[in-house]
Structures are given as structure tokens and as C-alpha cells.
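One structure below.
Counting starts at 1 for both ligands and their atoms, following the listed order.
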Amino acid sequence: MTGSVKSVVIGTAGHIDHGKTTLVRALTGVDTDRLPEEKRRGITIDLGFASMDALAPDQNPLRISFVDVPGHKLFIRNMLAGAGCTDAVLLVISAEEGVKPQTEEHLAICSLLGIHRGLTVITKADAVSPSRLEEVYSAVRTFLSGTFLDVDHARILPVSARTGQGLDELRGELISLAMKTVANNPDHLPRLPLDRAFVMKGFGTVVTGTLFSGELHVGETLALEPGNRVVRIRGMQTHGRTEEHVRSGSRVALNLAGIDVSEVNRGQTLVAPETLAAVTTIDVEASLLPASSNLRHRSRVHFHAFTSDTLATVSLYGYNAVEPGTDRFIRLRLDKPVALIPGDRFVLRQCSPAATIGGGFVLDAYPLANLRKARCLSWLEALKDASIEEQLFLRVGRRGTTGFTVRELMAETGMTREAIYRTTEPLVSSKRLLRVTDGTLLTSEAFAAAIESIVSRLKSAGINRSALKGQTALNTEIFDFVIEYLTCEKRLRLQGERVASPGAEPEIADEDLKLRTAIASIYEVAGLAAPATSEVAVSLGLGDADMRRLMTLLLRDKILVKMGLNALYIHHSALEQLRTRISELHGHTIDVARFKQITGLSRKYAIPLLEYLDRERITRKDKDQRLVL
Ligand SMILES: Nc1nc2c(ncn2[C@@H]2O[C@H](COP(=O)(O)OP(=O)(O)OP(=O)(O)O)[C@@H](O)[C@H]2O)c(=O)[nH]1
Ligand SMILES: [Mg+2]
């Protein structure tokens with residue numbers, strides 16, 4: 001069972017015809033060049049998959065999967081899709097030809113993708129003289145120096161797929177390489193970037209990929225991103241063996257229910273439903289290769305991550321171009337959405353002439369709109385070197401008094417609920433973060449700001465609870481949480497629907513309060529077509545002076561709002577509804593007639609209300625028309 005078998009994925013890399021596919025076949029017995037065109041041309045075009053079962057030194061079973069990539073420069077897109085999901089690389093260099101352009105490019109791509117383990121073989125050793133082999137070995141050694149495949153960290157083995165020379169030693173090295181790789185991201189939600197989709201007779205849609213993180217179980221539902229299409233795992237295999245569940249690091253083939261093969265493509269990602277979503281704007285740290293040219297604002301690049309690729313537009317923070325050999329924060333706007341989380345690696349290629357120019361890692365897949373550049377940059381700077389715990393703190397802090405729900409944090413970080421709770425626990429116990437009733441997280445600074453926003457608005461005579469909430473613009477969970485906290489701390493008093501400061505004068509006469517509530521509810525029920533004050537006074541049997549006094553209090557507490565000169569009073573809730581309704585027409589123009597039609601009001605009400613909307617900058621008057629902003 002894959003559940004207990006350690007499983008790693010090793011990708012091949014190297015120049016065309018250097019012997020990658022032949023070597024994989026010698027190790028696994030599988031010819032991964034399946035396509036007729038591959039057979040005819042004798043080259044690899046698309047990704048090939050094979051596996052080798054071995055025993056770990058502790059005698060536990062070990063499965064090494066190979067993703068064999070094409071060396072031809074025209075198929076580099078497929079190579080990138082293969083390399084995007086591998087734990088380690090097997091760099092294959094022909095003893096006949098030595099280091100060639102795609103040897104270099106593939107190695108650069110592996111480094112940019114953050115692959116930091118692997119080994120190098122000089123193959124076709126049978127085809128050259130010992131002195132040539134010696135010569136190539138020393139050239140390869142120099143070429144690898146300073147890279148993650150430097151002889152200080154990784155072996156260089158001469159082998160021959162034809163005679164079998166060096167293959168036993170290579171198997172041993174592959175096993176120790178596999179033992180060094182650790183299980184991927186145990187704290188991350190399941191993510192399966194897809195590399196193939198096909199139909200299997202009698203089964204239907206089958207997709208394959210390398211499970212990048214998490215676990216999958218038969219029967220489970222997943223979402224296909226982009227598109228949030230819900231599918232169910234009907235069956236599961238790894239390298240032809242039926243499984244009930246698989247862990248990260250495994251090659252997996254899923255038989256999916258609920259989707260036609262024509263709706264699935266390489267580059268899409270299967271994720272746990274309602275967790276991760278594909279995004280189009282990302283903030284990243286990008287490094288440019290020393291041999292590339294300057295990367296300018298608004299340049300178009302090819303963006304490759306996992307099995308996906310898309311065109312993207314570069315947005316620079318600041319106006320200087322990114323220079324070759326340097327690292328910079330940049331924003332990328334992807335033409336096609338991709339399911340990405342912080343830490344994900346990517347490669348950038350220029351369109352013409354086609355070449356790999358750099359790559360990097362995602363810092364933030366949910367940049368906030370309208371945040372000033374300087375603030376964004378300093379936030380990214382802080383985030384970049386922060387521990388996971390500190391990163392979560394920064395992410396919650398960025399949301400200010402809006403707070404951050406655990407579900408939103410899951411989407412933004414790709415972490416499991418359990419990992420988020422565990423990682424934020426020390427922050428909660430040291431009171432740097434607060435957990436609001438429904439699990440929303442709030443920094444202590446934001447909590448203090450929310451308190452201040454409420455306390456500064458408290459009046460000794462009290463204020464209507466919903467009016468207060470409207471003024472503070474806090475969301476319900478946080479508003480209720482802070483009100484409860486302040487009540488317990490005796491920093492405010494609750495009187496029915498009214499919130500008052502604790503030092504308030506003796507209770508307002510009961511009778512007064514009743515009358516105010518009565519007036520307010522008459523206006524609330526009337527909505528926009530508000531009655532004249534004189535009518536209300538008569539209906540409640542109030543004299544002029546009393547009515548004026550009560551109206552002043554209702555205006556002060558912002559329960560009623562005064563419109564225009566002809567003393568039109570409207571309940572705040574009716575105005576809020578009107579604002580929302582008109583805001584929905586954003587970008588359209590309306591005239592008085594249309595407004596009357598929408599609201600069902602007469603001109604007497606319509607004009608002052610439109611003027612109110614102009615003052616509130618919801619509409620802008622232009623001759624007889626108004627533009628909804
Ligand atoms: N003499 C000799 N020839 C080899 C050896 N390995 C591969 N070849 C030959 O080299 C040629 C290319 O081998 P492939 O394995 O297709 O090369 P590749 O790197 O997979 O090529 P692409 O996938 O197209 O990049 C074939 O003709 C192989 O027979 C070897 O160890 N010794
Ligand atoms: Mg090949």
C-alpha cells in the first residue's frame with residue numbers, strides 16, 4: 001500500500017539524445033517514449049513515467065518514480081511541466097557530447113524550481129575511450145561547481161545503459177537520494193497538479209499527476225481549479241497498482257466521476273473543495289539569470305509553475321528594470337488563473353527569442369487591492385524572512401480590524417486547519433493574536449483599534465447599537481466581540497438596543513426612551529417616503545417643543561438623518577438600503593425620472609435624496625443626469 005511505502009519522484013534532465021529515456025528503461029524496464037511520433041523520430045516529445053521498486057536500507061519498501069522529460073528545446077514547456085513536480089533530478093550527460101545548451105538550461109530550471117537534490121550521470125560511457133571519459137568528467141565537474149549538484153554534495157557517475165556499466169552503483173545512489181528526500185509539506189492541504197487526462201475504456205475520465213502535498217482517499221470529493229468544478233475520486237492507482245489512499249510524493253492516477261475528459265487539461269490542479277482557489281495576481285520574489293537581459297515594467301513573459309504555464313505581465317515595484325543576476329519583488333498578472341500558494345516556485349521564460357530568463361517563489365497570492373506600493377513592499381520585505389508563525393501574524397495583521405477567518409487563512413497559505421491552529425496557538429497564548437467567537441483572528445493592535453473606534457463614539461446618553469456598528473464599519477463578529485468585551489470590562493453599558501458610556505448620567509427617563517423608540521420605528525417603517533414631523537407629533541400626541549427635543553436626540557445619535565432644507569427626516573437603515581441599491585448601478589447614469597421609477601418616490605422626496613447621494617459621492621451630477629460612482 002502506498003500509504004506506507006515511501007515514494008519519491010525523480011525527474012530526468014539533460015540535452016537532446018543524451019540517453020535519458022534509455023537510462024530510465026535500463027533502470028525500470030519501461031520504455032517511456034509511448035507516442036508513435038516519439039518512436040518514429042527517436043526523441044522524447046512529452047513526459048514519460050516509470051517506476052522502480054527497491055528496498056530501503058532499513059528493509060522497508062521504497063518506490064522511486066521517474067518523470068522522463070524531453071531534451072529538445074522546442075519541447076521545453078513539457079520539460080518544465082515535468083520538472084515542476086519532482087523531488088530530485090537525475091542529470092544525464094552524454095560522454096560523447098559533454099555539456100550542451102539544454103544541459104545548462106535544464107540545470108538552471110531545476111535550481112530556479114528549488115530542486116536541491118540530485119545526481120549526475122555521464123552516460124554512453126561504452127561509446128568513448130577512457131581518456132575521453134576522464135576529460136568529460138573533469139569538464140562536467142567544473143560545470144557543476146557552485147550548483148546544487150556540485151561534487152561536494154552530489155555524485156557524478158559514469159554509466160552505460162547499453163552495457164549495464166555503473167547501473168548497480170546508480171541504483172544504490174538513487175536509493176540513498178530517495179532516503180534523503182523528506183515527505184512534502186505535511187502541513188499543507190492536498191494539491192494535485194495534473195499532467196495528463198485521458199479516457200480509459202470502462203472507467204471514463206482518468207487524470208494523472210504527482211501528489212504535491214496532503215493525502216487523497218478513494219470516495220473523496222475534490223475541486224478542479226481553476227473553475228471550482230467538483231469531482232469525486234472513483235478509483236485510484238499508482239503505477240498500475242490499485243490503492244485506497246495515497247500520500248504526497250506519489251505518482252497517482254485518479255478515475256474521476258463528475259467530469260468529462262474534454263473539461264480537464266494539463267496545468268489544472270485538484271484541491272480539497274472550498275480551500276484553495278486559482279489566482280491571477282501574485283507578488284513574488286524573482287531572480288534573473290546572469291545571462292538574461294533587463295526585465296522591464298509591463299513586459300510579457302511565460303510563467304511556468306508545476307504543470308501549468310501561462311502568459312503573464314510583469315509589474316515592477318518602482319520604475320527601474322530588474323537587472324540580470326539580481327533578485328527583486330515584482331507583481332505578476334497571469335493571463336490564466338493558477339492554484340498557487342506562498343513558497344511555490346516558478347520559472348519565467350521570455351517570448352522571443354525563447355529562453356529561460358529567471359524564476360523565483362510566490363510570496364503572496366492574495367495581494368490586497370488599493371494598498372500603496374510602499375506599504376506593500378515593506379510588508380513583503382517583512383514576510384520574506386519571517387518564520388511561518390510570524391508570516392501568519394503578518395497576514396492577520398494586514399487585514400486590520402476586518403480580522404481573518406481560519407478558512408481565509410487556509411486559502412491564502414494552503415495550510416491545513418489543524419496546522420493553522422497549531423501554528424497560531426503561541427500567538428494566541430501570548431495575546432499577540434485574539435481568537436474572536438467564530439474563530440476569526442485579530443491582532444492585538446487591531447483589537448485596540450476596534451475598541452477605540454467604538455469607545456470614541458460612545459455618548460453618555462447612548463447610541464443605537466446598529467447605528468454605532470454602521471459608524472465603526474466593523475463586521476458583525478468583531479463588533480459583537482468588542483461590545484461584549486467592553487461590557488465585561490464595564491467600559492460601556494447596554495440598555496436594550498442602546499450602547500452607552502459607563503459614566504452616563506442617570507438613566508434617561510423611561511418615558512423619553514419609549515417615545516424616541518416610537519418615533520424611530522415610525523420612520524423605520526416609512527422608509528424613504530418619510531412622514532412630516534408634525535404628523536408624527538400628532539400621532540404620538542406630542543407638543544412641538546417635546547418633538548423638537550426628541551428629534552434633536554435622534555439626529556445626534558444618527559438614527560435619523562436630515563435631508564435638504566424642507567426638513568425631510570429619513571431613518572438611517574432606509575438610507576443604507578438606498579445606498580446599496582444605487583451603488584449596484586455602478587457605472588450607469590440615472591436621471592430623476594429613473595430614480596423615481598427605481599424608488600417609487602415622488603419628486604418631493606427624490607430631489608433631496610439625489611442631492612444627499614451626490615454629497616455622499618455615490619452619484620455625481622452632470623446636467624440632468626447623474627453618474628453612479
Ligand atoms: N552507446 C550507447 N548509446 C546510448 C546509450 N544510451 C542511449 N544511447 C543512444 O542514444 C540515443 C538517444 O537516446 P535517448 O535515450 O532517446 O536520449 P534522450 O536523452 O531520451 O533523448 P530526448 O528525450 O529526445 O532528449 C539512442 O540512439 C540510444 O540508443 C548508452 O549508454 N550507450
Ligand atoms: Mg528521451
Pairing of [X] and [Y] as salt bridge, 4.0 angstrom limit:
| X | Y | result |
| --- | --- | --- |
| R34 | D46 | no |
| D33 | R41 | no |
| D53 | R241 | yes |
| R155 | E169 | yes |
| K39 | D31 | yes |
| D344 | R191 | yes |
| K124 | D17 | no |

Nearest non-hydrogen protein atom, [atom]:
| atom | answer |
| --- | --- |
| atom 12 (C) of ligand 1 | D17 OD1, 3.3 Å |
| atom 5 (C) of ligand 1 | K124 CG, 3.5 Å |
| atom 17 (O) of ligand 1 | G19 N, 3.1 Å |
| atom 31 (O) of ligand 1 | A161 N, 2.8 Å |
| atom 18 (P) of ligand 1 | K20 N, 3.4 Å |
| atom 13 (O) of ligand 1 | T22 OG1, 3.3 Å |
| atom 29 (O) of ligand 1 | R162 NH2, 3.3 Å |

Atoms in ligand 1 flagged as close to T21, the criterion being non-hydrogen separation under 4.0 Å: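 The atoms of ligand 1 under 4.0 Å from a heavy atom of T21 are 15 (O), 18 (P), 20 (O), 23 (O).
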With atoms numbered from 1 as shown, which atoms in ligand 1 lie under 4.0 angstrom from a non-hydrogen atom of I43?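 In order of number, 24 (O).
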So, does S160 sit close enough to ligand 1 that a heavy atom of it is under 4.0 Å from the ligand? yes
Assess whether atom CZ of R141 is packed by more than 12 heavy atoms of other residues, nucleotides or ligands within 6.0 Å.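 Atom CZ in R141 is not crowded, with 12 or fewer foreign heavy atoms closer than 6.0 Å.
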For the backbone of L383 and the side chain of R395, can you confirm whether one donor and one acceptor N or O come within less than 3.5 Å of each other? no
I'd like to know if the Mg ion (ligand 2) has an N/O/S atom from T44 within less than 2.8 Å of it, counting both backbone and side-chain atoms. yes
For the Mg ion (ligand 2), decide whether T32 has an N, O or S atom at a distance under 2.8 Å. no
Flag atom 26 (C) of ligand 1 as yes if some protein heavy-atom distance to it falls below 4.0 Å, otherwise no.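 Within 4.0 Å: no protein heavy atom nearby.
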Got an N/O contact under 3.5 Å between G14 and ligand 1?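 No, no N or O pair falls under 3.5 Å.
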Which is closest to atom 32 (N) of ligand 1 by heavy-atom distance: L23, T44, D126, D31? D126
Indicate, as side chain, backbone, both or neither, the part of T123 found under 4.0 angstrom from ligand 1 when only non-hydrogen atoms are considered. side chain
Taking it one step at a time, do V30 and F66 satisfy side-chain contact (heavy atoms from CB on, under 4.5 Å)? CA-CA 10 Å; V30 177; F66 292 95; over 6 Å; no
